[in-house]
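All figures in this text were calculated on a predicted structure; none of them were measured in a lab. Protein chains get the first letters and strands the later ones, always in sequence-line order, with residue 1 at the start of each.
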Amino acid sequence: MKMSKMFFRTLREVPADAETASHKLLVRSGFIQQLGAGIYSLLPFAKRSMEKIENIMREEIDQIGGQEILMPVVNPAEVWKETNRYYEIGSEMSRFQDRKGGDMVLAMTHEEIVADLVRKIVQSYRQLPMLVYHIQTKWRDDPRPRAGLIRVREFTMKDSYSLDVDQEGLDTQYKAHYQAYFNIFAKCGLPVVAVLADVGMMGGTMAHEYMYLSPIGEDTLLICDSCGYMANRQIALFDKPEPIHQSALSLEEVETPNVKTIEELANFLNVKKIETAKAVFMMGTFTEGQEDVTKLVFAVIRGDMELNETKLANAIKAKELRPAHDEEIEAVGAVAGYASPIGLKDVLVVVDELIASSSNLVAGANKEGFHLKNVNYGRDYQASVVADIVAAEAGFACIECGSPLKESRGVEVGNIFKLGTKYTEALGANFLDQNGKSHPVIMGSYGIGSGRLLACIAEEYHDDNGLIWPISIAPYHVHLVALRDVKEQADQIYANLSKAGLEVLYDDREETPGVKFNDADLIGLPIRITVGARSLKEGNVEVKLRSEGERRLIPLEDLVGEVIGLKQKLEDEIMDQIVEN
RNA sequence: CGGGGCGUAGCGCAGUCCGGUCAGCGCACCGCGUUUGGGACGCGGGGGUCGGAGGUUCAAAUCCUCUCGCCCCGACCA
């Protein structure tokens, strides 16, 4: 490709609205342009890299038996109503009506459509197992897109769906994806870890998320270096400390004026935080049929810990949780700052298991300026649910081995879910077994966002001067920089390299060497060839890897072979990253 | 949805408090000439109804009201 004719431009200045390295560099180097919040156009470079990523995904998913299909982005709402997700999912799913007034949605994932296809196509166990996938646009009206391609509203996703007759089959396909995903990320050059994850709106029984560890990540992960336990903070388990257990003393009201936080309470009464119970009020939204009802949720956790909203929501099957307003708290007779689970009516009380087994805690008295000592679960109050609802933190003990956990941030680049029969059951996607008995097909779903993956790779591979693409997803292999008065020779080199099957970006522009070199660094193609009169006089051209500083002079006649060798070497290095997991 | 910030030429910005040569600067772009191995120089030039709509005023980028959009933090979310 001749650069003089390319539909792009590089920017000298950092775009004002970019914060992260990948965002700044992808815009500056002319890969992407923003159209709206979380909506981007891909320019030629990004389009080419994206295709390479997608082809890597095709290779790996085909390898485990995937068949590529393409499902529509615009869906009639009926099928989403059948699974109830039309009602369960909030405004991140965009809805509209067609000309006849029929409800339509923009697909944010495709479980429904797959299940619909399955009920139309699959009838017998003989057809299973099966794996289908597509690479398609998704629309999710995220309330807060950010960081360029890291978090967008419109994006392309590779999503595959496994179809099985039994749990074993699902396990097999899940494992196959588990490895295939590591292969995909390795081939793209991106280091990732797989962590246990919440199933979220997908439902199902098990999920892993593939995380690119980076401070720009929005997810917090808990990692055990000793045994390898890794989980998203949303669900991370930990080994809870032994509760303080003594014989129950009698309730005692103590005056605690202006003591509203646990910190103040512990200081005022001279007790440890672990001897206190903390009240956290949330408003929960619950789906009952097609109706949403909201209820106040009173979560009780130990004073030294933090509430984990995901665990709480899962424990009570809430669709949504948000902090309650003061009026909502007062409406049930509780007093913010001095709240107590004792003596409340019409409130969903959820107690952390550690609280349930602790004795003689300090809690609020539901009376302005007073707390209660020696509060005991069971004797003094009951709960609707007792569950693990507190958040794991760095330093807490690993659930597997007891070693201290550490925290890290991560960007979720892929996920795999064991869905089970949630969708197939709802849609009646059944097959007949050997005995002629009907069962719902067992599904798994597996997704990778290709644009986010591209952005993470940019995030991982760059320096002060620009991007440094891994050869496998670089838009071109070679950046051919022609300096002054060498047009004929450079044209010839361009032709020779191209004929040899190399992808060459040919900088044939009328620019000064500095501009060309800087653009080459910014764009970040792996191999740079400089053709200049100076070295050409000796019959040489200069070859340099973007990832290394060293330039080498190569005789013109050896150039094609040399570059093919370099490309091979870079590709081999990438392939060496693939490991069995 | 809550908090904060910002919309002036393709990009980055100044000007807004205090209304009146404030339609400006740098980069980019076009022409001519010189230059040519790490973001060249000179001369000449093109481009903006100051996000939008109302209003106040003799006069609005500037003041007021409404509105749209974008970014960041939080909430939320795969």
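- Separation of the C1' atoms belonging to B:C25 and B:A14 is 7 Å when rounded to the nearest angstrom.
- In this structure, A:Lys81 satisfies the cation-pi test against A:Tyr86, with its NZ or CZ atom closer than 6.0 Å to the six-membered ring centre and inside 45 degrees of the ring normal.
- Of the side-chain N and O atoms in A:Gln33, none sit less than 4.0 angstrom from OP1 or OP2 of B:G10.
- Contact between the side-chain N/O atoms of A:Arg12 and the OP1/OP2 oxygens of B:C11 is not found at any separation under 4.0 Å.
- The side chain of A:Leu483 lies closest to B:G37, out of B:C76, B:A78, B:G37.
- Relative to the side chain of A:Ala37, the nucleotides B:C71, B:G37, B:C77 differ in distance, and B:C71 lies closest.
- Between A:Glu510 and A:Lys516 no salt bridge is recorded (no basic side-chain N to carboxylate O distance below 4.0 Å).
- In terms of polar N and O atoms assigned as donor or acceptor, the side chain of A:Arg28 comes within less than 3.5 Å of the base of B:G39 in a complementary pairing.
- Side chain A:Thr512 to base B:G38: no donor-acceptor pair is found below 3.5 Å.
- Residue A:Phe155 is in base contact, counting any heavy-atom pair closer than 4.0 Å across all strands shown.
- Across all strands, A:Asp485 comes closer than 4.0 Å to no nucleic acid atom at all (heavy-atom distances).
- Ring centroids of A:Tyr178 and A:His208 are separated by less than 6.0 Å, placing the two rings close together.
- Residue contacts for A:Arg509: at a heavy-atom cut-off of 4.0 Å it reaches no nucleic acid atom on any strand shown.
- Nucleotide B:G46: unpaired (no Watson-Crick or G-U wobble partner with both distances less than 3.5 Å).
- The residue among A:Pro145 and A:Asn465 whose nearest nucleotide of RNA chain B is located toward the 5' end is A:Asn465.
- Among the heavy atoms of the strands lying under 4.0 Å from A:Val14 are primed sugar atoms or P, OP1, OP2 only; no base atom is included.
- For B:C77, the base has a donor-acceptor partner in the side chain of A:Arg151 [N/O atoms by modelled type, under 3.5 angstrom].
- Contact check, A:Arg144 against B:C1: no side-chain N or O comes under 4.0 Å of OP1 or OP2.
- Contact check, A:Arg484 against B:G37: no side-chain N or O comes under 4.0 Å of OP1 or OP2.
- For the pair A:Arg146 CZ and B:G5 P, the computed distance is 20 Å after rounding to whole Å.
- In terms of polar N and O atoms assigned as donor or acceptor, the side chain of A:Glu13 comes within less than 3.5 Å of the base of B:G26 in a complementary pairing.
- Along RNA chain B, the nucleotide closest to A:Val152 and the one closest to A:Val531 are compared, and the more 5′ of them pairs with A:Val531.
- A:Phe155 does not carry A:Lys138 over the face of its six-membered ring by the limits of under 6.0 Å from the centre and within 45° of the normal.
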